[in-house]
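Proteins come first, then strands; the chains are lettered A, B, ... in the order of their sequence lines, and each starts at number 1.
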2 protein chains.
Amino acid sequence: MFFDDRKKRILSAIVETYIRTGEPVGSKTLSEFPGISVSPATVRNEMAALFEMGLLEQPHTSAGRVPSHLGYRAYIDSLMRAKPLTEDEKDGIDALFNIGDPDPDKLLADCAEALAEYTGCATIAMTTTPSYVTVEHIDIVPADATTVVLLVIASNGVVKSKVCRLGFRVNTGIADFFRKFANDRFCGHTLKEITAEFMNSVSIQLGEYSGVFNPLIVGIYELCKEVYDGQYYLGGREKLLTYNEYSDRALEIMKLISKRDELGPVIGNNPSGVTVFIGKENSLSQLSGSSLLVARFSIGENDCGTIGLIGPVRMDYSRLIPHLEYFAEKLGTLLSITYQRKTGDENG
Amino acid sequence: MFFDDRKKRILSAIVETYIRTGEPVGSKTLSEFPGISVSPATVRNEMAALFEMGLLEQPHTSAGRVPSHLGYRAYIDSLMRAKPLTEDEKDGIDALFNIGDPDPDKLLADCAEALAEYTGCATIAMTTTPSYVTVEHIDIVPADATTVVLLVIASNGVVKSKVCRLGFRVNTGIADFFRKFANDRFCGHTLKEITAEFMNSVSIQLGEYSGVFNPLIVGIYELCKEVYDGQYYLGGREKLLTYNEYSDRALEIMKLISKRDELGPVIGNNPSGVTVFIGKENSLSQLSGSSLLVARFSIGENDCGTIGLIGPVRMDYSRLIPHLEYFAEKLGTLLSITYQRKTGDENG
DNA sequence: GTTGGCACTCGAAAGATATGAGTGCTAAAG
DNA sequence: CTTTAGCACTCATATCTTTCGAGTGCCAAC
């Protein structure tokens, strides 16, 4: 009753066949598998043992076997042979992102969409900003008579801008005054510190001018919050409809995925590399019928976000895990190019 | 066999009941309707007449009647009594958008989402830019050593910005040079004219500098294109899953809605006010089981976009049409405030 | 340890039956 | 001429029954 080699081959065969067909796998099918050259009866004995060990489940008495949650776990952790991406696949993905100077937000959104397309799963792409990131510089640029552009540059290299319409003419004197004021007040503060209360106290310091400058104060707050909160993009939620596992649960899951509050904490706290949550392993009970794959990506050394995949437990892990990994790497590389200034390259 | 008052009342009752229940409506149910005080047999005679006139359909011999496409049309065009929004509803919607100086893009996306929430339908919010809109001003603002912010201001008041990372240090001299160059070349041209070919010819004029400035040229192109193309936001596509009409077609419709190429032309060319396409009236055959409601919104006098609603043919037109109308108005008002500068208010 | 044989289980598919809402038609009443 | 009750008829839906077969567990033989 050890977990010997033949048992491993049988478990692998069951997982792979079930993933492919979605039907419980029977002893006859397995006995015809290359690498399993024993009779159905022997396979049945082995299956009974694997069932005892908790690695298989039986939908009902007279059906074949299905991997249990532990069965998948054993398969993924030690039996599965990951299918690395072919060069063609890599080229295809590279080509998608082969655009100069991409907008980081758009990049992330596109990545979520592309990942969904490649994997047939719902995807999430999320960035997180470490709490030590500070405001490095604030700029205000008159665009036309009453319009200015606000810029917030964070210490991690992220730059966000917002167009502000003011109720009065803005000349360079006013712009210079506000620029100095804002930089004095905000530079060096972590983004985390820039709260609504903080903004209130700053506003008070503007005294009689607090009214007219309020749109700018609010604008700065919004930009800092935008940088600190990071992004949360979804892709391909409708892909779930293609799996009959979701025939009556698709709406619920799709709604859940949309909720950053719910999913953000779950996917945001994982080690580097690909982490897999199989069915009931998910902390969210609604995901007990789904598997969640997450991979972190980083800019240089700094971990900065997560991409994730949600699909039926019966998903092709051996293909999807390397894919997710590749997308995460790619994303990290591309963002690192965009945000490289911290590590030099200022010649020109 | 005229379309007399009683027939109208019966048709209205059928449409309204069917919209509410989703079940074919029978003569007995109708005879109990207030306002229809005749026996089921009489109702049957009338229904037979309405059927002859093409206003009703029969799912099968022994079922009740269902409004035909023409039946809905007659109902919407002349029988329906629109349910105006209550003050509470208006207040609720107003509250959603009660934010100072909103980002127009975000406003549109939020509007699509809110409209979906209020109506239970999938929504589209789209902007279009008239072909006479020109580039009014281009600005380039150094943000840090090698980063600049590009600004494109269009003659319709739209301002878009993009952060560009350059491979070299940018001083004010360089910025001033490029600003002048860009404004000389682009200002006054319509956005429509700013094509890839046009950009190429401009790039050539930069001679030996075309290489280093290429990111900026590309950036300007992207911004102009972004303004000219306008936005296309979707909301609540998953709402369709709540209707069993879509039980096996949801994926197809959801994919269709995502395709701007397909839907853009359909919803972009409509008169002002709310336009309704019922089922087969839609030019896209995939929408033959859906109704499409579109409403234009405008900034001041200038028509600038469309919001649309997609749901089952059996939708509550009397409620949704006024809602869509209100959202369109609201959106127009809010955008007009943002883009008001064309009509004055430059005091300060 | 492995295998063929065999009775047994149980879900899915196919067929049979019943139910009932709703119809069209007819003829009588208003 | 319009309205209505009566009635036979239709047909989708629901329920129940039957059949079918893939797959199992166990046993005895190899």
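- Taking only side-chain nitrogens and oxygens, Thr61(A) never comes nearer than 4.0 Å to OP1 or OP2 of dG23(D).
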Table of protein N/O atoms under 3.5 Å from nucleotides 4-7 of chain D N/O atoms:
| unit_1 | atom_1 | unit_2 | atom_2 | d |
| --- | --- | --- | --- | --- |
| dT4(D) | OP2 | Ser39(B) | N | 2.8 |
| dT4(D) | OP2 | Ser39(B) | OG | 3.3 |
| dT4(D) | OP2 | Thr42(B) | OG1 | 2.6 |
| dT4(D) | O5' | Ser39(B) | OG | 3.3 |
| dG6(D) | O6 | Arg44(B) | NH2 | 3.4 |

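- Under the 30°/60° scheme for interplanar angles, the aromatic rings of Tyr18(B) and Tyr72(B) are found to be tilted.
- Between Tyr118(A) and His323(A), the ring-plane angle classifies as tilted under the 30° and 60° cut-offs.
- The separation between Ile10(A) atom CD1 and dT24(D) atom P is 11 Å, rounded to whole Å.
- Separating the CZ atom of Phe2(B) from the P atom of dT2(D) is a distance of 11 Å, rounded to the nearest angstrom.
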Pairs under 3.5 angstrom, nitrogen or oxygen only, protein versus nucleotides 27-30 of chain C, please.
none

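- At a cut-off of 3.5 Å, with distance as the only test, a side-chain donor of Ser318(A) or Lys83(A) sits close to an acceptor on the other residue.
- Put simply, the side chain of Leu292(A) does not reach to within 4.5 Å of the side chain of Ile278(A), judged on heavy atoms.
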Worksheet item: Can you list the steps and then say if Ser285(B) with Ser288(B) is a side chain to side chain donor-acceptor pair (under 3.5 Å)?
Response: CA-CA 5 Å; Ser285(B) 62; Ser288(B) 64; over 6 Å; no

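- With rounding to whole Å, Glu46(A) atom CD is found 13 Å from dT3(C) atom C1'.
- Here Glu46(A) pairs with Arg6(A) in a salt bridge; the nearest charged N to carboxylate O distance falls below 4.0 Å.
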Check nucleotides 14-17 of chain D for protein N or O atoms closer than 3.5 Å to its own N or O atoms and list the pairs.
none

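- A donor-acceptor contact under 3.5 angstrom links the side chains of Ser27(A) and Arg44(A), judged on distance only.
- Contact annotation: Ser62(B) does not reach the phosphate of dT23(C) (side-chain N/O to OP1 or OP2, under 4.0 Å).
- The CG-C1' distance, from Leu50(A) to dT24(D), rounds to 15 Å in whole Å.
- Between the NZ atom of Lys7(A) and the C1' atom of dT2(C) there is a distance of 13 Å, given to the nearest Å.
- For Met47(B), taking side-chain heavy atoms from C-beta onward, the closest of the listed nucleotides dG11(C), dG25(D), dT23(C) is dT23(C).
- Using a 3.5 Å distance cut-off with no hydrogens or angles, the side chains of Glu16(A) and Tyr75(A) do pair a donor with an acceptor.
- The nearest whole Å value for the distance from the CZ atom in Phe51(A) to the P atom in dT24(D) is 12 Å.
- For the pair Arg65(A) CZ and dA22(D) C1', the computed distance is 13 Å after rounding to whole Å.
- Between Lys8(B) and Asp4(B) there is no salt bridge, since none of the side-chain N atoms of the basic residue sits less than 4.0 Å from a carboxylate O of the acidic one.
- Sparse packing is recorded around CZ of Arg249(B), with 12 or fewer heavy atoms of other residues, nucleotides or ligands lying under 6.0 Å away.
- In this entry the distance linking CD of Gln58(B) with P of dA21(C) reads 17 Å, nearest Å.
- Judged by distance alone, the side chain of Ser78(B) and the main-chain N or O of Ala74(B) form a donor-acceptor pair under 3.5 Å.
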